[in-house]
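Just so it is clear, the structure is predicted and the values come from calculations on it, not from any experiment.
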Amino acid sequence: MSATDHVHLTEDPWDAVVGQPDAVALLRGAAAGDPVHAWLFLGPRGSGKRAAARAFAGDLLAAEAATAGDPAAVERIRALAVAEQHPDLMVVEREGAAISADQADDIVRRASRSAVEGRRKVVVVDEAHLMALTVGPKLLKTIEEPPAATFFVILADELPAELVTIASRCVRVEFAPLTVPVITERLVAEGVEPTRAGEAASFSGGDLGRARLLATDDRLALRLAAWRDLPRRLDGSGATAAVAV
């Protein structure tokens, strides 16, 4: 028995996708039916695209086990997908400033291989808005006519010109920027003190991951205290202003 046979979920993977009810409903419904083979998740950094891709991949890969009525296998597959460790899930991250032509060749090559465990494979391409100019043409044919039971999930913060043609072959799922109240509520649910959660959310720029980092940064509280005290300290002199800065 392999170590991965003992992997279990602690929560529904979709619970990690915060503040995106429309996207979650669409994707859960698609995974339970007859999903198309190419998807584009479009939205700002920190809006939950990667978490949604993991949850979606888990549901796609677990479909056979669900049909067979094997809940233990479903849980195991979904847990491995959440951990990005399932052998039929390929997650591509840029190496350097952009996704390279060599990475595109590797995507095409690996997408053509048979699935290891089941019938389906899922390829997730993160930060697809950052790709070399030659990457789009290399990937286009494979995304248009993928190998049987291969699904592509393309994640992008924005839609640059080099991604437009690929996007036209995908079902587009919008991820809205997360609001301060949504991020605050999530941080509080994760155990962060409410005032600190609100401050971290306010400075996160709508990025839940950044908010989590700020919530654990003791220097943030010190910087905020110094900023709030600044009007009292300023006396109109250049020297005082320099010290404050």
Determine, using the 4.5 Å side-chain heavy-atom cutoff (strictly less than), whether [X] and [Y] are members of one ILVMFWY cluster.
X: L61; Y: M90; value: no
X: W14; Y: V18; value: no
X: L27; Y: I154; value: no
X: L139; Y: V92; value: yes
X: V91; Y: I143; value: no

Are the side chain of [X] and the backbone of [Y] linked by a donor-acceptor contact shorter than 3.5 Å?
X: E84; Y: R54; result: no
X: H37; Y: P146; result: no
X: E174; Y: G43; result: no

pair [X]-[Y]: side-chain heavy atoms closer than 4.5 Å:
X: T142; Y: I107; value: no
X: L40; Y: V173; value: no
X: V36; Y: F151; value: no
X: V123; Y: V153; value: no
X: D105; Y: K138; value: yes
X: V125; Y: I99; value: yes
X: H129; Y: L159; value: no

Taking the basic N atoms (NZ, or NE/NH1/NH2) and the acidic carboxylate oxygens, is any pair closer than 4.0 Å for [X] and [Y]?
X: E145; Y: R169; value: no
X: K49; Y: D157; value: yes
X: R110; Y: D106; value: yes
X: R28; Y: D12; value: yes
X: D218; Y: R196; value: yes

Set of ring-ring contact (aromatic ring centres under 6.0 Å, His included) partners for F41, sequence neighbours left out: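 Listed in chain order: F175.
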CA sep, side-chain torsions, deciding dist, call: I166, F152, side-chain contact (heavy atoms from CB on, under 4.5 Å): CA-CA 11 Å; I166 287 177; F152 282 89; over 6 Å; no
Measure across [X] and [Y] and return the closest heavy-atom pair with its distance rounded to 0.1 Å.
X: A98; Y: A132; value: CB-N, 3.9 Å
X: A53; Y: L155; value: CB-CD2, 4.1 Å
X: S112; Y: P147; value: CA-CG, 3.7 Å

Side chain to side chain donor-acceptor pair (under 3.5 Å) contacts in which one or both residues fall within residues 87-100, not counting sequence neighbours: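 Pairs touching residues 87-100 that pass the test: R50-E93, R94-E127.
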Verdict with reasoning, V17 to D15, per side-chain contact (heavy atoms from CB on, under 4.5 Å): CA-CA 5 Å; V17 186; D15 290 344; over 6 Å; no
Stepwise side-chain contact (heavy atoms from CB on, under 4.5 Å) check, V122 with F56: CA-CA 9 Å; V122 179; F56 188 47; over 6 Å; no
Residue R45 excluded, over 12 heavy atoms near CZ under 6.0 Å: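 12 or below, so no.
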R120/T150 under side-chain contact (heavy atoms from CB on, under 4.5 Å): CA gap, chis, key distance, verdict: CA-CA 6 Å; R120 291 176 165 180; T150 297; over 6 Å; no
